[in-house]
Amino acid sequence: MTFGKGCHLHLIDGSAFIFRAYHALPPLTRKSDGLPIGAVAGFANMLYRYVEGNKGPDAPTHVAVIFDHSSKTFRNEIFPAYKANRPELPEDLRPQFPLTRDATRAFNIACIETEGYEADDIIATLSCQARDAGGRVTIISSDKDLMQLIGDGVVMFDAMKNKLIDRDEVVEKFGVGPERVVDVQSLAGDSVDNVPGAPGIGIKTAALLIQEYGDLETLLERATEIKQPKRRETLVNFANQIRISKQLVMLKCDTPLEFSLDSLEVREPEPEVLMGFLNAMEFRTLTKRIADKLDVTPPPMVTAEATEAEAGPLPEALPFDHGAYEAVIDMAALERWIARIRDIGHVAFDTETTSLDEMRADLVGISLAVDAGRACYVPLGHRQGGGDLFASDSLSEGQLPMNAVLTALKPVLEDPAILKIGQNIKYDFKIMARHGIHMAPIEDTMLQSYALHAGLHNHGMDELSDRYLNHTPIPIKSLLGGGKAAVTFDRVAIVDAVKYAAEDADVTLRLWQRFRPALHRAQVTTVYETLERPLIPVLADMEMAGVKVDRDVLARMSNAFAQKLVQLEEEIHEIAGTRFNVGSPKQLGEILFDQMQIPGGEKGKTGAYATGAEVLEDITTLEAHPTGAQLAARVLDWRQISKLKSTYTDSLQNHIHPETGRVHTSYSIAGANTGRLASTDPNLQNIPVRSEEGRRIREAFVAPEGRVLVSLDYSQIELRILAHIAGIPALKQAFRDGLDIHAMTASEMFGVPVEGMDPSVRRQAKAINFGVIYGISGFGLARNLRIPRAEAQGFIDRYFERFPGIRAYMDETVAFAKSKGYVQTLFGRKIHTPEINAKGPGAGFAKRAAINAPIQGTAADVIRRAMIRMPQAIAGLDAKMLLQVHDELLFEVAEEQAEKLTQVARAVMEGAADPAVHLDVHLRADAGQGRNWAAAH
DNA sequence: GGGCTCACG
DNA sequence: GACGTACGTGAGCCCG
């Protein structure tokens, strides 16, 4: 077909696909030879999705994927530094480039690259040709450098966001239409591509200037008329540089091409060619999916068969067949399953219960899986008449007695030769513990995923199944319903429960088959085996122990708070002169900034004024608005009390377990990317301590009669780790000498003696020390210290001058993250940083997170090691470890053994890094004890 | 259910 | 005069 009117050309930005694919996927390798193929796999998937998604009435008539040929182009002759600051390509990506071309050809799509030109120029040239021939063009990319091409039948489509980029979008981004984008980019420059532009002029200013003068040439000619002296000078002095920038930014529409548009006509893929490619890449899932679609039989996978002979069937090899799951309703059947488990030596194990709270949940059923597709469900506690208001409590028929089943399973679950595999198995471990079964050994697919993929995605079963098994399990909501009408699992019909529950065990088993070898390949087996897996029983015991909370203390505080709140509310209404909901930030904002006309109100993206504590604190100091100041101060008081009451004194009472009289939190091991734990239901890691009023809540956390609470917390653990990792001699020495580290920092920076130091000077140094751990920025420090930004930047500069190792650490860490896609703790934990090479503000976040993660993560590893060793160490004492708060461990111990416990626990904590890592800075733990947590801390 | 606010390390 | 920023969490409330 000759390209012309009525034709529609799709131009796919191949490089964008590749990088997106590379960063979206874990570092997959080809099974047979270890060739990195993650990016190719993602690329092929994206191409496939593109092909499938573009078959409708508006399907393209012509299509091509365009690649960059090499990094050196004609632009480097104009400006040698062009794209010079691009980070090195990851070493495992480069070998995948030719394979992405192969993939494109395998899909029977034209694959284009030209020496000396960027993909963008080819896209520009083809767009122009197609437009001139009267056709339409869709550029599939979100690259802003291509936006200059939009218009006259040319549009862009962002395939990631599934969104059309049209003229309006361009105006929003650049402040001008597509035809003037080049002008704005020439002025603003581009740090990513190293286009110089005009110094000090960004997109905003550039857009203003272009709007005013029409176009770049006119602007440069009339530059002397510009009123602002700085801008005028810049434009006059840098006119040449700006013109060079324009040459760099402007895409060429006359790239020499050795083919015609006609040759890009859409062609169906040829099944053998496509299958051959996918097969050679050993893309099991994609091969199967496309084979189904094309209705052809995939060729046998030679290498895979060899692997299967050694390791059993691969997880994706079998489809999920819900009908094949067995309901175990007689003891003979159960015994058959037990025999299978003993035979194979492992079992995926899952419990179904009536609640997510393990301390209150009743057991409803158990599922087991021994191999992919071979799973069963043992119903135990299903009840009749689900949903009926007068539902009887009698058990449904056809269920084995719970006692008999547990008695039969106990030897298996406790057999040291049989591995019990679970997804978040701490949950099932606790459920079984309440039935007198101590499961061991255990394995957790959630934690395997955490060791492999922290930072890439979450580790819930549904997500893992979607990602790694290409299978969406039955959603629990489809059985239980949602919201108020939700029922508990015991009301689910057994026939439905079998499918859901057995599937969970099946999925878990398949994930395990997949993750187990992956741990070795990613070299995180040690992390998983020493920092994740052994933590499960330790945390389960802590959670089951719980901490005693005195309800009366909380109730009294709640009452006092309630009265105080009423009083404050009245005062607030009086000052405002109107009644409103003090708890509504929206209403408060309107009162302060509209009604009372206090200046400086800033609206957020929802259109509501910001009324956070910082804003209110500023208002309290406004002398021009005494009523506003008073109101703000009262609201701050109200907020504090209200928070304490609702989040702590009220809510904690509801968490006191009716039988144990204690509060049992739940720790999530795979919640925080850095290796920290997270505490939920309730969160006992954020009990107030910083304010006097809040700290009193800790008085409600008590030890029973004859016992005391002992708290040990690491002193400055993150700064010590920083001193070690970054290798800062002055910091190390200060810790060795037991100095006040913040005062020492201040002394080094400002040249003042520690003796008789102004507390505010020390405070500033402290803020800087913390800032360094967080990936310091002038902006952040300025905001924290409430000083001008330039001053904050001055502090930072001086700090880096004084401790040059810190700068080096930060630069090295960011560079590492950029090339590897992750950072590591001293103990080998990987934290992925997928956004680190992104453009836009996301990169800034990712950079700081990358700087922080090894420090925070190493500290998290250290306390994990201490916790794992603790039960052994304190076994001879009448003591229990109860809580972890990131750098603190809380124990309950018989009064007369408090000293001994402190001594033992301190030794474990201070020696926790050894022998895996020898820190140049010793760790120190401070201890306290008392009848309640406030006294012990 | 998202946004805001605020509690902790 | 810029996109916008200190790192990591969880919970309760308001409001559409």
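Each chain gets a letter, A, B and so on, in the order its sequence line appears, and its residues count up from 1.
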Original post:
Any side-chain heavy atom of Ile806(A) sitting closer than 4.5 Å to one from Ile728(A)?
Top reply: yes
Original post:
Between Thr825(A) and Phe827(A), is there a donor-acceptor pair closer than 3.5 Å when you use the side chain of the first and the backbone of the second?
Top reply: yes
Original post:
To the nearest 0.5 Å, how far apart are CZ in Phe735(A) and CD in Gln716(A)?
Top reply: 5.5 Å
**OP:** Please work out if Leu781(A) contacts a base, only the sugar-phosphate, or nothing of the nucleic acid, heavy-atom cut-off 4.0 Å.
**Re:** base
**OP:** With P as the reference atom in both, quote the distance from dG3(B) to dG4(C) in angstrom, rounded to an integer.
**Re:** 16 Å
Original post:
If only side-chain N and O atoms of Arg783(A) are considered, is one of them under 4.0 Å from the OP1 or OP2 phosphate oxygen of dA6(C)?
Top reply: yes
Original post:
Could you state the CZ-C1' distance from Arg848(A) to dC3(C), rounded to the nearest angstrom?
Top reply: 12 Å
Subject >> Pairing string, 5' to 3', for DNA chain C - Watson-Crick or wobble contacts under 3.5 Å, brackets [ ] where pairs cross, | to another strand >> reply: ......|||||||||.
Original post:
Want to settle it: does Ala849(A) or Gly202(A) sit nearer the 5' end of DNA chain C, counting the closest nucleotide to each?
Top reply: Gly202(A)
Original post:
To the nearest angstrom, how far is Ile697(A) atom CD1 from dA11(C) atom C1'?
Top reply: 13 Å
**OP:** Find the distance Glu590(A):CD to dC15(C):C1' and express it as a whole number of Å.
**Re:** 12 Å
**OP:** Quickly work out the Ile787(A) CD1 to dA6(C) P distance and round it to whole Å.
**Re:** 15 Å
Original post:
Rounded to whole angstroms, how far apart are CZ on Phe779(A) and C1' on dG1(C)?
Top reply: 13 Å
Original post:
P atom, dA2(C) versus dA7(B): distance in rounded Å?
Top reply: 36 Å
**OP:** Round to the nearest Å and state the distance from Asn852(A) atom CG to dT5(C) atom P.
**Re:** 18 Å
Subject >> Residue pair Leu652(A) / Ile687(A), side-chain heavy-atom distance below 4.5 Å >> reply: yes
Original post:
Does Thr205(A) make a side-chain N or O approach to OP1 or OP2 of dA2(C) shorter than 4.0 Å?
Top reply: yes
Subject >> Under 4.0 angstrom between Ser642(A) side-chain N/O and dC13(C) OP1 or OP2 >> reply: no
Original post:
Thinking salt bridges, do Lys426(A) and Glu543(A) make one under a 4.0 Å N-O criterion?
Top reply: yes
Original post:
Given the C1' atoms of dC3(C) and dC8(B), what is the spacing between them in whole Å?
Top reply: 30 Å
**OP:** In whole angstrom, give me the gap between the P atoms of dG12(C) and dG16(C).
**Re:** 22 Å
**OP:** Could you pick out which residue, Ala672(A) or Gly583(A), lies toward the 5' side of DNA chain C when each is mapped onto its nearest nucleotide?
**Re:** Ala672(A)
Original post:
Do Phe795(A) and Tyr799(A) make the cut of ring centroids closer than 6.0 angstrom?
Top reply: no
Original post:
Where is the tightest heavy-atom contact between Ala792(A) and Gly778(A), given as atom of each residue plus distance?
Top reply: CB-O, 3.6 Å
Original post:
Looking for any heavy atom pair under 4.0 Å, which part of the strands does Arg695(A) touch: base, sugar-phosphate only, or nothing?
Top reply: nothing
Original post:
Sub-3.5 Å donor-acceptor pair from the side chain of Asn458(A) to the main-chain atoms of Gly460(A), do we have one?
Top reply: no
**OP:** Remember a base hit wins even if backbone is also touched, and classify Ala767(A) as base, sugar-phosphate or nothing at under 4.0 Å, heavy atoms.
**Re:** base
**OP:** Using a 4.0 Å cut-off on protein heavy atoms (strictly under), produce a 5'-to-3' string for nucleotides 4-9 of chain B with B for base contact, S for backbone-only sugar-phosphate contact, and - for none.
**Re:** SSBBBB
Original post:
With respect to the side chain of Ser777(A), which nucleotide from dT9(C), dA2(C), dT5(C) is positioned closest?
Top reply: dT5(C)
Subject >> Whole-Å gap separating P (dC7(C)) and CZ (Phe845(A)) >> reply: 6 Å
Original post:
Taking C-beta and beyond as the side chain, do Ile226(A) and Leu219(A) meet within less than 4.5 Å on heavy atoms?
Top reply: yes
Original post:
Atom CG of Leu187(A) and atom P of dG1(C): how far apart are they, to the nearest Å?
Top reply: 15 Å
**OP:** Name the nucleic acid region contacted by Asn581(A), choosing base, sugar-phosphate or nothing; use a 4.0 angstrom heavy-atom cut-off, strictly under.
**Re:** sugar-phosphate
Subject >> Short side-chain N/O contact to dG16(C) OP1/OP2 from Lys586(A), under 4.0 Å >> reply: yes
Subject >> Nearest-neighbour nucleotide for the Ser668(A) side chain, dC14(C), dA6(C), dG10(C) considered >> reply: dG10(C)
**OP:** Without swapping roles, check the side chain of Tyr609(A) against the backbone of Gln587(A) for a donor-acceptor pair under 3.5 Å.
**Re:** no
**OP:** May I ask you to decide if the ring planes of His657(A) and His664(A) are parallel, tilted or perpendicular, using 30° and 60° as cut-offs?
**Re:** perpendicular
